[in-house]
Amino acid sequence: MAAKLGALDFFGDGDAPAPAPAPAPVPDRPPTATPVTSESATRTRKRLGITVEAAGAAPPPPWHNWSDGDLDARITEALPRGGWPRPTPVQAQAAPVLLEGRDALVVAPTGGGKTGAFLVPALHLVIASRGSRKTLVAAPTRELVAQLAREARRWLGLCGSDLVVATPPFTDSKAALCVATPQALLQSKITPSLLVLDEADRLLDTEGGLLKAVDALLAKGATTRALVSATAPGPFMEAAVAALAPTRCVVRVGTESDGPRATVAQRFVYTGDDDRSKAPALRELIRDGACAPPCLIFANSAARAARVAARLAEAGLRADVLAAAAGPPAERARALRKFRGGETWFLVATDVASRGLDLPALACVVSYDAPTSAQDYVHRVGRAGRRGRPGAALTLYTSDDAPRLRAVAKAARRAGCADVPSFLAADVPRRAWDAAAGEGRDGSRRKRRKGSDNK
Ligand SMILES: Nc1ncnc2c1ncn2[C@@H]1O[C@H](COP(=O)(O)OP(=O)(O)OP(=O)(O)O)[C@@H](O)[C@H]1O
């Protein structure tokens, strides 16, 4: 079985140029193209699925090439060399908005290149000012912070710049770009020119406990603020727009807000009446090749993640756990490093891994526990099928889970997933569910096993 093979470099470590083409890059513009008029900008936006709501002056036209941006020459030259030949749609529109110094709310699908949409303007800002203008980037998890800092360092290196990217503790006085979780970022003494809130809907979530720190960051007096996310539920949109300057632009790519990427094959797998059916079902799916490694498996608590990982390990599979409460930060970093390096084949994680992590070779995402919101589903699914690669997302569910899956099933349907059982998306009252918990609902119901190993 595959578990006997040696460690593979599934993911690389992000230091090498990206091997695969851009996620849907903007088509090239011929060198003889006439100057951009507002009509041609509108046509380009339509073709690329970009919409912009601009308060105040008209928004700048979207770029076709990096050279449209009047960026520092070192950046224009480094971007293709580093694996980003042309801007993706979100980069094409959001970067010029931010470079104009306008606040932006940026909403684009997972894997669409949102990091570059703020990193390219940030690089220009710090490089062109020789570090006197600075950028702060806040992200919700340590893992995402580490990834963003690594990516920023990579690009500064490719630009031949010796400016410093700092993570906590902010001891280097030469730091031009600081990246941290909101609370930690407050330790930075920098007054930023550009403040970025990545995964902004999570940071502004009233239940997330980060609001106070985020408010303090927003009060730091940045000239430009960027709020970036793949999902934008209504309450977040209201809070975001209220936080931005009156001249803001709302940049969206794609028509469907809160939709998972249609390029990832999504399946809902009924495992049985109760929770004990899930562990054997998962092992069967792995054995059948439906969950090809590298595979990220989501559970809804650290304890459950640890249990699932332990069971997979007992079955001889290379499994590990990544969860906020599962150990010190160094343990989490080690678990992710081993997964990226191919030492671990199945990483069982809580939603700490659902946001922003770029694992380009990830083949499969499994929701062992059903996600608790459509947004979490979108972000989980978005870990797979990046950089144009094929991906699969499986959601396991029991009779108990089914009524809670409605929003998720509807989101999958909106993304064109044909295999969503219709009863999952239907507005059925809980009582009807209990009554309908009979045989053959999706034609795949398994028999309950005696002595299930999920004890
Ligand atoms: N212009 C580009 N050309 C080629 N590849 C690109 C380009 N921009 C970004 N990429 C690559 O696309 C992948 C996804 O980018 P990124 O992580 O920024 O997506 P995202 O929109 O932030 O996704 P998520 O919402 O999941 O965080 C990364 O591997 C990145 O290196």
Side-chain angles (χ1 to χ4, degrees), residues 3 10-11 13-14 110-111 139-148 181 198-199 202 208 230-231 260 264 266 269 275 278-279 281-283 285-286 291-315 317-373 375-386 391-397 401 408 454:
F10 286 139
F11 300 114
D13 59 3
T110 52
T141 64
R142 288 168 196 270
E143 286 72 20
L144 186 50
V145 164
Q147 177 180 295
L148 291 170
T181 56
D198 196 13
E199 307 296 343
R202 171 57 54 85
T231 45
V264 177
Q266 294 157 59
V269 180
D275 198 56
K278 282 187 176 171
L282 176 61
R283 282 213 310 277
L285 287 163
I286 292 173
C291 309
C295 175
L296 186 56
I297 300 170
F298 285 100
N300 285 353
S301 74
R304 277 176 72 81
R307 263 201 312 276
V308 175
R311 286 221 178 87
L312 293 177
E314 277 163 24
L317 298 164
R318 293 165 180 253
D320 204 348
V321 62
L322 175 70
E331 274 294 299
R332 283 162 60 175
R334 183 198 53 78
L336 192 54
R337 208 169 38 244
K338 284 172 76 178
F339 189 51
R340 281 184 190 278
E343 245 181 279
T344 304
W345 290 33
F346 298 91
L347 187 63
V348 190
T350 56
D351 277 301
V352 78
S354 69
R355 293 268 179 166
L357 287 190
D358 189 41
L359 306 167
L362 191 69
C364 182
V365 167
V366 176
S367 283
Y368 185 89
D369 288 332
T372 52
S373 69
Q375 285 81 35
D376 283 348
Y377 179 68
V378 169
H379 289 278
R380 287 180 180 188
V381 170
R383 295 317 100 215
R386 293 167 83 86
L394 273 61
T395 303
L396 310 189
Y397 70 97
D401 294 328
V408 165
N454 193 12

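Fair warning: this is a prediction, and the values are worked out from it, not measured in the lab.
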Q.
So, taking the atom named CG in L322 and the one named CG in L357, what distance separates them when rounded to the nearest 0.5 Å?
A. 7.5 Å
Q | Stepwise side-chain contact (heavy atoms from CB on, under 4.5 Å) check, V264 with V365 | A | CA-CA 10 Å; V264 177; V365 167; over 6 Å; no
**Q.** By salt bridge (Lys or Arg N to Asp or Glu O under 4.0 Å) - contacts of D351 (at least two apart)
**A.** R380
Q: List the atom of A279, the atom of R311, and the distance in Å for their closest heavy-atom pair.
A: CB-CD, 4.3 Å
Q.
On a heavy-atom basis, which atom in V348 and which in A299 lie closest, and how many Å separate them?
A. CG1-CB, 4.5 Å
(Q) Just to verify, what does R304 make a salt bridge (Lys or Arg N to Asp or Glu O under 4.0 Å) with, not counting sequence neighbours? (A) D275, D369
(Q) List the residues meeting side-chain contact (heavy atoms from CB on, under 4.5 Å) with R337, not counting sequence neighbours, and say none if there are none. (A) A333, R334
Q.
Tell me which one of T141, D376, T231 satisfies side-chain hydrogen bond (donor to acceptor under 3.5 Å, both in side chains) with R202.
A. D376
Q) How long is the gap from CZ on R355 to OG1 on T110, to the nearest 0.5 Å? A) 11.0 Å
Q. Is the closest side-chain heavy-atom distance between N300 and T372 below 4.5 Å?
A. yes
(Q) If I take atom CD from residue E314 and atom CZ from residue R283, how far apart are they, to the nearest 0.5 angstrom? (A) 8.5 Å
Q. Does anything in residues 293-303 pair up under salt bridge (charged side-chain N to carboxylate O under 4.0 Å, His left out), and if so which pairs, sequence neighbours excluded?
A. none
Q.
Tell me whether R142 at atom CZ has more than 12 heavy atoms from other residues, nucleotides or ligands lying less than 6.0 Å away.
A. no
Q: Applying salt bridge (Lys or Arg N to Asp or Glu O under 4.0 Å), name anything that partners D198, two or more places apart in sequence or on another chain.
A: none
Q. Could you give the distance from CG (L347) to CH2 (W345), rounded to the nearest 0.5 Å?
A. 14.5 Å
(Q) Before you tell me yes or no, could you show the steps for L312 and L282 under side-chain contact (heavy atoms from CB on, under 4.5 Å), namely the whole-Å CA-CA distance, both residues' side-chain angles and the distance that decides it to 0.1 Å? (A) CA-CA 9 Å; L312 293 177; L282 176 61; 4.1 Å; yes
Q.
Could you walk me through whether F346 and I297 satisfy the side-chain contact (heavy atoms from CB on, under 4.5 Å) test, starting with their C-alpha distance in whole Å, then the side-chain angles of each, then the deciding distance to 0.1 Å, before giving a yes or no?
A. CA-CA 7 Å; F346 298 91; I297 300 170; 4.1 Å; yes
(Q) Tell me whether Y377 contacts the main-chain N or O of A370 through its side chain, where contact means a donor paired with an acceptor under 3.5 Å. (A) no
Q: Heavy atoms only: give me the nearest T350-S301 pair and the separation to one decimal.
A: CG2-C, 3.5 Å
Q: May I ask you to say whether R340 pairs ionically with D358, meaning some side-chain N is under 4.0 Å from a carboxylate O?
A: no
**Q.** Closest non-hydrogen atom pair between A292 and C364, with its separation
**A.** O-CB, 3.7 Å
Q: Give a yes or no answer on whether the side chain of Q147 reaches the backbone of G356 with a donor-acceptor pair at less than 3.5 Å.
A: yes
Q. Is the shortest heavy-atom distance from the side chain of P294 to the side chain of F339 under 4.5 Å?
A. yes
Q | Approximate separation, where rounding is to 0.5 Å, of Q266 CD and S367 OG | A | 10.0 Å
Q) Considering all heavy atoms of both residues, which atom of V381 and which atom of A393 are nearest to each other, and what is their separation? A) CG2-CB, 3.8 Å
Q: Without swapping roles, check the side chain of R318 against the backbone of E343 for a donor-acceptor pair under 3.5 Å.
A: yes
Q. Taking the side chain as C-beta and beyond, is there a heavy-atom pair between L394 and C291 under 4.5 Å?
A. yes
Q: Please name the pair of heavy atoms, one in A230 and one in H379, separated by the smallest distance, quoted to 0.1 Å.
A: CB-CE1, 3.8 Å
Q) In Å, rounded to the nearest 0.5 Å, how long is the span from CD of Q375 to OG of S354? A) 11.0 Å
Q) R383: what forms a salt bridge (Lys or Arg N to Asp or Glu O under 4.0 Å) with it, not counting sequence neighbours? A) none
